[in-house]
A.B. asks: 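What follows is a structure written as structure tokens; I'll ask about it next.
A quick note: this is a predicted structure, and the numbers were derived from the prediction, not measured.
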Amino acid sequence: MRKTRDVLTCLFGRNLSNRQTALSLGIHHSTVGDYYARFIRSGLPWPLPADMDDSALEACLFPATKAKKQSASTSHIDYADVHAQMQKKGATLMVLHLEWQERAPSGQHLGYSQFCKGYRAWRKSQRISMRRVEIYGETAYVDYSGATINITNPESGEVKSAQVFIGVLGGSSYTYCEVTWTQRIRDWIGSHIRMFAYFGGVPRVIVPDNLKSAVTKANRHSPVINETYQAMCRYYNVTPFPARPYKPKDKSRAEGAVLLAQRRILFVLRSRKFFSLEEANKEIRVLLDRLNHKPFQKREGCRFSQWQEHELPSLQALPATPYEVAEWGKVRAGTDYHVLIDCHYYSVPYQLRGREFEYRMTDKAIDLICKGKTIVLHQRSNKAGESTTLDEHKSPTHRAVQQTDEDALSWAAEVGPNTVEVMRLQLGKGNAHLMGYRITQSMKSLAKTYTPSRLEEACAYALANRITDVPSIRNILSRQLDKLFSPDTSATEDSAAHNVIHENIRGAQYYDHILNSDEEKQSC
């Protein structure tokens with residue numbers, strides 16, 4: 001900026017010569033002479049008017065320069081419309097410049113470079129940034145670094161890239177860094193759990209990027225948070241507030257922490273060879289502590305001292321036990337009252353078929369929840385394509401169809417040992433559980449029709465005659481062959497026959513009388 005007012009003060013206020021003024025202000029004496037001549041030509045009084053600022057004084061002494069800055073060659077261009085057109089796909093400044101030339105008034109010409117320069121100046125004049133005021137204990141920013149660390153398998157020599165997770169507290173800039181194999185939900189949540197432990201507390205708000213592990217559906221105003229991530233945030237009483245898509249300023253602290261981690265941690269380890277994640281994280285922790293203890297350049301203290309003095313007392317307390325990493329989601333039960341989770345089918349009560357369930361999946365268990373209430377807790381299975389079905393979840397008809405041989409033999413034992421033996425022989429012939437079901441139902445039907453006691457007697461007769469199929473046992477019962485082995489029944493029948501009196505019935509006494517009569521006739 002020109003020292004115009006200082007020159008005039010020295011010349012007219014202190015009555016110094018041009019050379020004395022030049023020596024006093026550190027400028028050339030010819031510049032002092034130029035300012036003096038311009039002041040005389042402008043006709044301004046001395047002392048200057050009280051309401052005249054430096055901009056007005058510049059305009060009076062240097063009118064030609066001011067006019068040049070306010071060139072009319074670009075003043076008529078609607079750069080707001082140019083900016084709106086640039087937001088469309090395929091737009092370029094060269095095409096927009098050609099279109100402007102075609103509709104520009106005659107006599108007006110502006111080169112492409114000046115057109116671009118004017119557009120950049122307009123954009124710069126429109127740009128305004130709000131300085132973010134961070135509150136201790138309020139916000140933490142998390143992100144993944146674009147750079148990775150190579151981990152070498154000591155046995156096969158295979159090299160695999162590990163992802164670098166970075167978190168930073170907004171108030172003190174206290175930074176956390178670690179490496180994980182992936183950016184998937186389990187590694188993402190595990191990094192949060194270890195980060196909170198490193199911070200010694202929990203902030204009230206956490207600002208992630210829009211990766212799928214955090215945001216299911218990105219939206220400028222109402223993003224959809226991943227259910228599993230939301231459950232973890234709910235456990236720690238922290239509110240997820242994702243940055244807007246393509247707005248890195250929303251997480252500027254995270255961007256700065258990523259840059260520092262790449263320069264002071266990843267670059268330092270660029271030539272190191274690691275054989276496990278644990279080994280890499282151990283070295284990262286050493287460099288991380290060094291970064292947090294490095295003094296600030298423009299304020300007192302360091303990240304560690306600011307965290308210890310201001311941030312730590314403001315953070316929420318950690319829960320008594322760390323969060324157990326679990327995946328959450330929603331599934332719907334089919335007509336077979338099973339839900340599909342991680343390629344395995346799990347049963348629910350058959351009355352809830354068709355209902356929607358929330359599931360919580362850990363390394364060992366599957367928790368199925370309906371309307372906020374836990375319905376069933378299954379042990380997690382890694383057998384893809386198979387099913388886990390609890391007996392109490394089956395309908396009565398399905399439970400009967402899917403009964404086991406032990407169930408059939410248990411029923412037969414209630415009838416008798418002969419029935420058990422026949423049932424065992426029959427089940428041994430079947431080659432499927434449905435065949436065993438049919439045999440059992442047939443035997444139950446015979447017991448219901450002819451009573452269990454007669455079925456037991458029929459089985460005894462069948463075993464004695466080496467008969468084991470159900471149709472033959474049915475014939476035995478229908479023809480009452482089982483009664484041949486029942487002494488009680490025979491005695492009852494004989495007694496009943498003796499007690500029957502009818503004129504058409506000839507018993508043993510009748511035939512004895514006939515025989516005696518024949519003998520008397522022969523003797524005569």
Side-chain angles (χ1 to χ4, degrees), residues 1-83 93 97 100 104-105 107-135 170-173 248-249 252-253 255-256 259 294-302 305-306 310:
M1 183 178 178
R2 296 186 179 93
K3 300 180 179 181
T4 309
R5 189 180 292 271
D6 295 337
V7 169
L8 297 179
T9 301
C10 290
L11 292 175
F12 298 103
R14 298 170 57 189
N15 296 321
L16 299 178
S17 64
N18 288 1
R19 292 187 178 276
Q20 290 175 334
T21 300
L23 290 173
S24 176
L25 300 177
I27 59 177
H28 200 270
H29 64 85
S30 61
T31 304
V32 177
D34 180 57
Y35 288 178
Y36 176 79
R38 288 176 180 274
F39 179 77
I40 296 300
R41 287 197 299 268
S42 67
L44 293 173
W46 184 262
L48 296 173
D51 58 348
M52 178 173 283
D53 57 11
D54 290 346
S55 297
L57 181 60
E58 288 282 332
C60 292
L61 298 185
F62 303 92
T65 305
K66 193 69 176 179
K68 184 177 180 181
K69 289 183 178 179
Q70 298 176 348
S71 174
S73 59
T74 60
S75 60
H76 62 280
I77 298 178
D78 187 3
Y79 279 119
D81 181 66
V82 173
H83 183 69
L93 284 175
H97 174 250
W100 173 82
Q108 291 186 356
H109 176 75
L110 186 67
Y112 172 67
S113 60
Q114 291 299 316
F115 181 85
C116 295
K117 184 177 180 181
Y119 174 65
R120 287 193 295 269
W122 179 88
R123 284 190 60 184
K124 188 175 181 180
S125 66
Q126 302 301 311
R127 188 178 302 165
I128 183 171
S129 299
M130 181 184 73
R131 185 174 182 84
R132 185 185 299 274
V133 179
E134 297 287 354
I135 302 174
S172 62
S173 297
K249 285 188 177 181
S252 57
R253 289 296 176 97
E255 298 292 339
L259 183 62
K294 186 179 184 300
F296 290 121
Q297 292 183 352
K298 297 182 179 180
R299 55 175 175 163
E300 295 182 357
C302 60
S305 63
Q306 291 290 315
H310 302 289

A.B. asks: Parallel, tilted or perpendicular: which one describes the rings of Trp46 and Phe39, with boundaries at 30° and 60°?
C.D. replies: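 The rings of Trp46 and Phe39 stand perpendicular, inter-plane angle above 60°.
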A.B. asks: Answer yes or no: is there a side-chain heavy-atom contact under 4.5 Å between His83 and Tyr119?
C.D. replies: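 They are in contact (side-chain heavy atoms under 4.5 Å apart), so the answer is yes.
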A.B. asks: With side chains defined as the heavy atoms from C-beta onward, is the minimum distance between Ile27 and Val32 less than 4.5 Å?
C.D. replies: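 Result yes, sub-4.5 Å side-chain heavy-atom pair found.
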A.B. asks: Are any non-hydrogen side-chain atoms of Leu93 and Val82 less than 4.5 angstrom apart?
C.D. replies: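 Sidechains of Val82 and Leu93: in contact.
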A.B. asks: Do the side chain of His97 and the main chain of Leu110 share a donor and acceptor less than 3.5 angstrom apart?
C.D. replies: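 Yes: the side chain of His97 pairs with the backbone of Leu110.
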A.B. asks: In terms of relative ring orientation, are Phe12 and Tyr36 parallel, tilted or perpendicular, with 30° and 60° separating the classes?
C.D. replies: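 Parallel, since the angle between the ring planes stays under 30°.
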A.B. asks: Enter the distance from Asp54:CG to Leu48:CG here, rounded to the nearest 0.5 Å.
C.D. replies: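 CG of Leu48 is found 9.5 Å from CG of Asp54.
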A.B. asks: If you draw a 6.0 Å radius around CZ in Arg299, do more than 12 non-hydrogen atoms from other residues or ligands fall strictly inside?
C.D. replies: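 Yes, the 6.0 Å shell around CZ holds more than 12 heavy atoms from other groups.
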A.B. asks: Is any side-chain heavy atom of Tyr35 less than 4.5 Å from a side-chain heavy atom of Leu61?
C.D. replies: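 Tyr35 does not reach Leu61 side chain to side chain.
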A.B. asks: With rounding to the nearest 0.5 angstrom, report the OG to CG distance, Ser42 to Leu57.
C.D. replies: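 Rounded to the nearest 0.5 Å, the OG-CG separation comes to 8.0 Å.
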A.B. asks: What distance separates Leu23 CG from Asn18 CG, expressed to the nearest 0.5 Å?
C.D. replies: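 Answer rounded to 0.5 Å: 11.0 Å.
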A.B. asks: So do Met52 and Leu44 actually touch side chain to side chain, heavy atoms under 4.5 Å?
C.D. replies: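 SC-SC contact between Leu44 and Met52 confirmed.
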A.B. asks: Which heavy atom of Tyr79 sits nearest a heavy atom of Gln114, and at what distance?
C.D. replies: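 Closest pair (atom of Tyr79, atom of Gln114, distance): OH-O, 4.2 Å.
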A.B. asks: If we only count heavy atoms from C-beta on, is the Gln20 to Arg14 side-chain gap below 4.5 Å?
C.D. replies: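 A side-chain contact is absent here, since even the closest heavy-atom pair is not under 4.5 Å.
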